[in-house]
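Taking it in order: structure first as structure tokens, then the write-up.
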Amino acid sequence: MGMVFEDREDAGRRLAAALPQFRGQPDTVLLGLARGGIPVAAAAAAALHLPYGALLVRKLGIPGHEETAFGALAYARAIAAWGAAQAEDGGSEAGPAGLAEGRGSESAETGRIVRLLNRPLVERILETGGKQEWLDLVEHRERDELMRRARSYPGAALPLGGKTVVLVDDGLATGATMRAAVEAARAAGAARVVAAAPVGSIEAERSLSRVCDVLCLHLPGKFRAVGSFYRSFEQLTDDDAIGLLHGANA
């Protein structure tokens, strides 16, 4: 199988070792994709002496095959970890690989929703008997969940204007949620966006490299579920994620 990580914290530290050019750099921030990317980002940020926060994302999974994404949603307002918030107080067109972008009008405070769809995949689903209303139900459910998290995750907004933003997840299967996160960071004003993950599929890395810089420590020839590359890969709760955002930089 190749590279295996003990847990998300181990993955974050090893990811940080591959990002020495960002160590202590001003106007640079790490954002973990909620929820699984937050502990990876927290560990990497501690090693790199950088502020971190979270970006809220939701995968749009095919009904009956939820692990395969036909698109993704991202909330274009970064949530600061406590220490990052304190520091800040001091101071639809077709895209690559068939992804189409659109920005919703829903907001919690100043956030916007970025929506990306894999149009060729959606067309194949519909051509093989899938129904548009099934996909619409998935999107409505995930949009509601995204906005619920936007309201429930406490923390100040982390301004991204003019900054280098390193987006961190625990793994890249299809790359759909990371791609939505890239567009959300840009919508929030990021000057440069880097996507970073401990492990990912070759297809996800190739797709993302069309739109931003990508660092993936392990690109196995045969990609399995993200969790298969970790010895400990527990599902995180909202309380876990919020605890990391509140406590790790305090």
Side-chain angles (χ1 to χ4, degrees), residues 1-55 57 59 69 72 74 78 81 84 95-97 99 116 158 160 162-186 188 190-230 233 244 248:
M1 182 181 292
M3 188 176 293
V4 176
F5 306 95
E6 289 296 328
D7 52 25
R8 291 181 176 92
E9 289 73 22
D10 173 52
R13 289 188 292 270
R14 291 162 76 173
L15 197 61
L19 295 167
Q21 68 272 33
F22 296 111
R23 184 180 177 89
Q25 287 297 306
D27 295 324
T28 300
V29 62
L30 272 67
L31 295 180
L33 273 59
R35 295 186 286 239
I38 295 177
V40 185
L48 294 170
H49 302 289
L50 291 172
Y52 78 93
L55 197 70
V57 293
K59 176 174 64 179
L99 289 172
L116 291 175
L158 182 58
L160 303 183
K163 293 187 178 179
T164 294
V165 176
V166 183
L167 297 170
V168 180
D169 206 355
D170 52 14
L172 303 172
T174 66
T177 52
M178 181 62 83
R179 173 66 200 286
V182 169
E183 299 302 333
R186 288 189 174 134
R192 181 189 178 193
V193 181
V194 179
V199 63
S201 69
I202 293 171
E203 294 77 13
E205 192 273 342
R206 183 181 298 126
S207 175
L208 282 164
S209 66
R210 297 187 181 106
V211 297
C212 69
D213 295 328
V214 183
L215 172 69
C216 206
L217 297 182
H218 183 38
L219 290 169
K222 184 175 182 180
F223 187 84
R224 301 177 178 86
V226 170
S228 68
F229 296 94
Y230 289 79
F233 194 73
L244 281 165

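Because the structure is predicted, anything quoted here is derived from the model rather than measured. One is the number of the first residue; the rest follow in order along the sequence.
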Do Phe233 and Phe5 have ring centres separated by under 6.0 Å? no
Please give me the minimum heavy-atom distance between Phe229 and Met3, naming the atom from each residue. CD2-O, 3.8 Å
For Phe22 and Thr164, the nearest pair of non-hydrogen atoms, with its separation, is CE2-CG2, 3.9 Å
Tightest non-hydrogen contact, residues Ala72 and Ala176, listed as CB-O, 3.5 Å
From CZ (Arg186) to CZ (Arg192), nearest 0.5 Å: 11.0 Å
When you check the gap from the basic side-chain N to the acidic O, do Glu183 and Arg179 get nearer than 4.0 Å? yes
Note: Asp7 and Asp10 closest approach over all heavy atoms is OD1-N, 2.8 Å
Minimum-distance pair of heavy atoms, taken over all atoms of Ala18 and Gln21: O-OE1, 4.0 Å
Backbone of Asp170 reached by a side-chain donor or acceptor of Tyr230 within 3.5 Å: yes
Side chain proximity check, Phe223 to Val199, heavy atoms < 4.5 angstrom: yes
Which atom pair, heavy atoms only, marks the closest approach of Leu19 to Ala196? CD1-CB, 4.4 Å
Is there side-chain contact between Glu205 and Leu172, with heavy atoms separated by less than 4.5 Å? no
Within the distance-only criterion (no hydrogens, no angle test), does the side chain of Ser201 pair as donor or acceptor with the backbone N or O of Thr174 below 3.5 angstrom? no
So, the side chain of Ser207 versus the backbone of Ala204: is there a donor-acceptor pair under 3.5 Å, distance only? no
Hits for side-chain hydrogen bond (donor to acceptor under 3.5 Å, both in side chains) against Glu6, two or more places apart or cross-chain, chain-then-number order -> Arg231
Can you tell me how far apart CG (Leu167) and CG (Leu208) are? Round to the nearest 0.5 Å. 9.5 Å
Return all side-chain donor-acceptor pairs below 3.5 angstrom for residues 23-46, not counting sequence neighbours, or 'none' if the list is empty.
{"unit_1": "Arg23", "atom_1": "NH1", "unit_2": "Ala47", "atom_2": "O", "d": "2.6"}
{"unit_1": "Arg23", "atom_1": "NH2", "unit_2": "His49", "atom_2": "NE2", "d": "3.0"}
{"unit_1": "Thr28", "atom_1": "OG1", "unit_2": "Pro26", "atom_2": "O", "d": "3.3"}
{"unit_1": "Arg35", "atom_1": "NE", "unit_2": "Leu236", "atom_2": "O", "d": "2.9"}
{"unit_1": "Arg35", "atom_1": "NH1", "unit_2": "Asp238", "atom_2": "OD1", "d": "2.8"}
{"unit_1": "Arg35", "atom_1": "NH2", "unit_2": "Leu236", "atom_2": "O", "d": "3.4"}

